[in-house]
Number of protein chains: 2
Amino acid sequence: MTTTLADVAARAGVSSATVSRVLNGNYPVADHTRERVLRAVEDLEYVVNGNARALAAATSDLVGVLVNDVADPFFGILASAAQAEIARGGDADEQGRAGAPGGGKLAVVCNTGGSPEAELTYLTLLHRQRAAGVILTGSAVEGSDTDAIADRLARLAASGTRVVLCGRPPLPAGPFEEGAGEPEGGNPVMTLGFDNRGGAEQLTRHLIRLGHRRIGCVAGPVDRTTTRHRLEGHRNALAAYGLARECGGLTAYGYYDRSSGHRAARELLDRCPGLTAIVAANDTVALGVIAALRERGLQVPRDVSVTGFDDLPFSVDATPALTTVRLPLHEAGARAGRLVMGRETTPGGGVALVEGELVIRESTAPPRES
Amino acid sequence: MTTTLADVAARAGVSSATVSRVLNGNYPVADHTRERVLRAVEDLEYVVNGNARALAAATSDLVGVLVNDVADPFFGILASAAQAEIARGGDADEQGRAGAPGGGKLAVVCNTGGSPEAELTYLTLLHRQRAAGVILTGSAVEGSDTDAIADRLARLAASGTRVVLCGRPPLPAGPFEEGAGEPEGGNPVMTLGFDNRGGAEQLTRHLIRLGHRRIGCVAGPVDRTTTRHRLEGHRNALAAYGLARECGGLTAYGYYDRSSGHRAARELLDRCPGLTAIVAANDTVALGVIAALRERGLQVPRDVSVTGFDDLPFSVDATPALTTVRLPLHEAGARAGRLVMGRETTPGGGVALVEGELVIRESTAPPRES
DNA sequence: AGCCGGACGGAAAGCGCTTGCTACGGGGCA
DNA sequence: TGCCCCGTAGCAAGCGCTTTCCGTCCGGCT
């Protein structure tokens, strides 16, 4: 049926051990022999069986990248950057070892749809495949399955898989994996967090300095860490200026998509027709907010200022161009990729914070009457 | 080190065969025994070794989804729909068989960056892993590696992997896999093509009917099938109205991104300041075109009409909202997913064409002076 | 000329799981 | 009461590859 190592060996007139060595190039083989083997491989169109190899060698060249939503550019950018880095030949201890040209590994991105169960399922599947590494991106859901996920991650890491959290808070420092076991067995779970709190705070401060006093907030899904952090940043800014009470009730929750922004904006407007600015959960949501505003005959930023978050590529094309916080998504993804490949390490404690940068464009302006 | 089937068997006081059967649920096991085994699995936190399983059973639960660019919503939507369908429990011949809950398989999306070499690399990797299926999305590059890819695909299919082409032209009907072999060995390569030609033709006809006579065209990368097809549709429309000559030179090529659209539009404008409409390669490109137009002080659609293609989510938010051709991306992705899972079949010949639908919005209008 | 070590190639023992086949015990039927 | 068959469980043979030992051969050194 399918050709195996033995077939190649037979055709080349050598033992299968030799063929294996030629293919893996980690043992001296005479040029003469090598050539014959390679020709046999060609002739037979031989393709190694990755499973057999992984089983025998106890290594794998799969790296999982879990994202909340592939269709969302936020994750798309992150994933694509990480992916490129993972596929790239390793400079570290991986010279030519893996099947991929140059020692790179196969990055597989898994779409969880933001559901913890799906996350768990993929994590299990990846564990099954004995993946070389896993990158978990996007905010975590706070609640029920959190522990199950943390647990699974810890076990993955303990079993030798490199785990990187990107754009998600670090794992609670567990009580050190059931004592007894191997103290050297696993590697740490590395974290690359985004400074959501800081970014959100900058945004709101910017609005306040422009003169806004009644600022609405369209937040993300209630139970997600990212939502909470951005909200905290927002509130910190309000508190700093003694505005906490005034804007206290002006928060509406929704998903990270356009229609949620649309709906939430109308809700906010109904609740408080006098607001002069809206802080959106992210750029996509901001688009929805702007659309809703426009439908009500309100102009941005003349009547209401709007801010986004992330600075996705389309933000600059929106009308008006969005004031937002730029997250170095591409760079963060690449870094996560390097971390998971063991080609770079996090400074200390395995946790790094990625800062955002306030980008002021046309969607914010001073309120009409102060 | 890691716990194996044998460990579980020992703890449950049964043979490893029994444990395997409990886990796979395809052989009668007494409830009593099953329970004991499951408890042992729990206690030991046992995770099957996917590689060993795949090796022994000669099956895999990996399905590859190759896309040109994860960061592009076009592919994101396709991939996410396919993914959902693949993860879903199979209704067909896959009840509970695979490791994933409900018989779903692990969809791994691979980012090729549109490079044929990367495509080949991933295909090889997937072949190595003996993937259960592969979905190839996006336009193919016409040239050098085409044959190599077609070849690899044919071999993949012949070796039992289900192959689906989505949004890409069917494979040339090869001279039937080297005769001799198994006539029943592999399954056919299924194709789900988009009607790029038809869509593009509708768009251009729409413009012509509005009264446009000098229509520019910003096409995609020269060597891609999608580019060629859309261009052909465009030209067919022009020819139908005897406009082929007039607009003959008004084509500029570029990538499928915003900045290419921007650059190409300026180029076109320089070449022919009198044009009244521009057909863009897709929605993203259209955004760039509009930005360029605006910079030149031209209004859309008053001075110049612009059309996109695909109808990505943001198209309705653009100002002006884009006239475009809607491709049922989500549905197509889902269908591709079903095809690759063997849960659905293509009508006849293994090739299905997905039609686009003209969506008229605000970016097109009659030219100012006719 | 005899020895020794290095460079290569082969034999074979697994890696962890699936599965065909066999073994065994008990209930239903003749 | 004896026999057959069904419901279960175990044995053991692989699946295709890696890798540890060894054995062999040859060149160079003493």
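Per chain, numbering begins at 1; letters A, B, ... match sequence-line order.
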Report the nucleotide, chosen from C/dG16, C/dC15, D/dT19, that has the shortest atom-to-atom distance to any side-chain atom of B/A56. C/dG16
Would you compute the distance between atom OG1 of A/T112 and atom CD of A/E119 and round it to the nearest 0.5 angstrom? 5.0 Å
Among D/dT18, D/dA9, C/dT19, which nucleotide sits nearest the side chain of B/V29? D/dA9
Among C/dC21, C/dA12, D/dT18, the one nearest any side-chain atom of A/A17 is C/dA12
Measure distances between side-chain N and O atoms of A/Y27 and base N and O atoms of C/dA7, and say whether any donor-acceptor pair falls under 3.5 Å. no
Base, sugar-phosphate, or nothing for B/A58, non-hydrogen atoms under 4.0 angstrom? nothing
Specify the separation, in whole Å, of atom CG of B/N51 and atom P of D/dG14. 22 Å
Here the distance between atom P of C/dG16 and atom CG of B/D7, to the nearest Å, is 9 Å
Testing the basics here: between B/Q83 and A/N111, what is the closest heavy-atom pair and its distance to 0.1 Å? NE2-O, 3.1 Å
Quick one: label B/V19 by what it contacts on the DNA or RNA (base, sugar-phosphate, nothing), any heavy atom closer than 4.0 Å. nothing
Taking side chain as C-beta onward, heavy atoms only, is B/I86 less than 4.5 Å from B/M341? yes
Can you find a heavy atom in the side chain of A/R162 that is under 4.5 Å from one in the side chain of A/V134? no
Could you tell me whether the side chain of A/R21 has a donor or acceptor atom within less than 3.5 Å of a complementary atom in the base of D/dT20? yes
Taking any heavy-atom pair under 4.0 Å as a contact, classify B/T18: base, sugar-phosphate, or nothing. sugar-phosphate
For A/T4, which contact category applies under a 4.0 Å heavy-atom criterion: base, sugar-phosphate, or nothing? sugar-phosphate
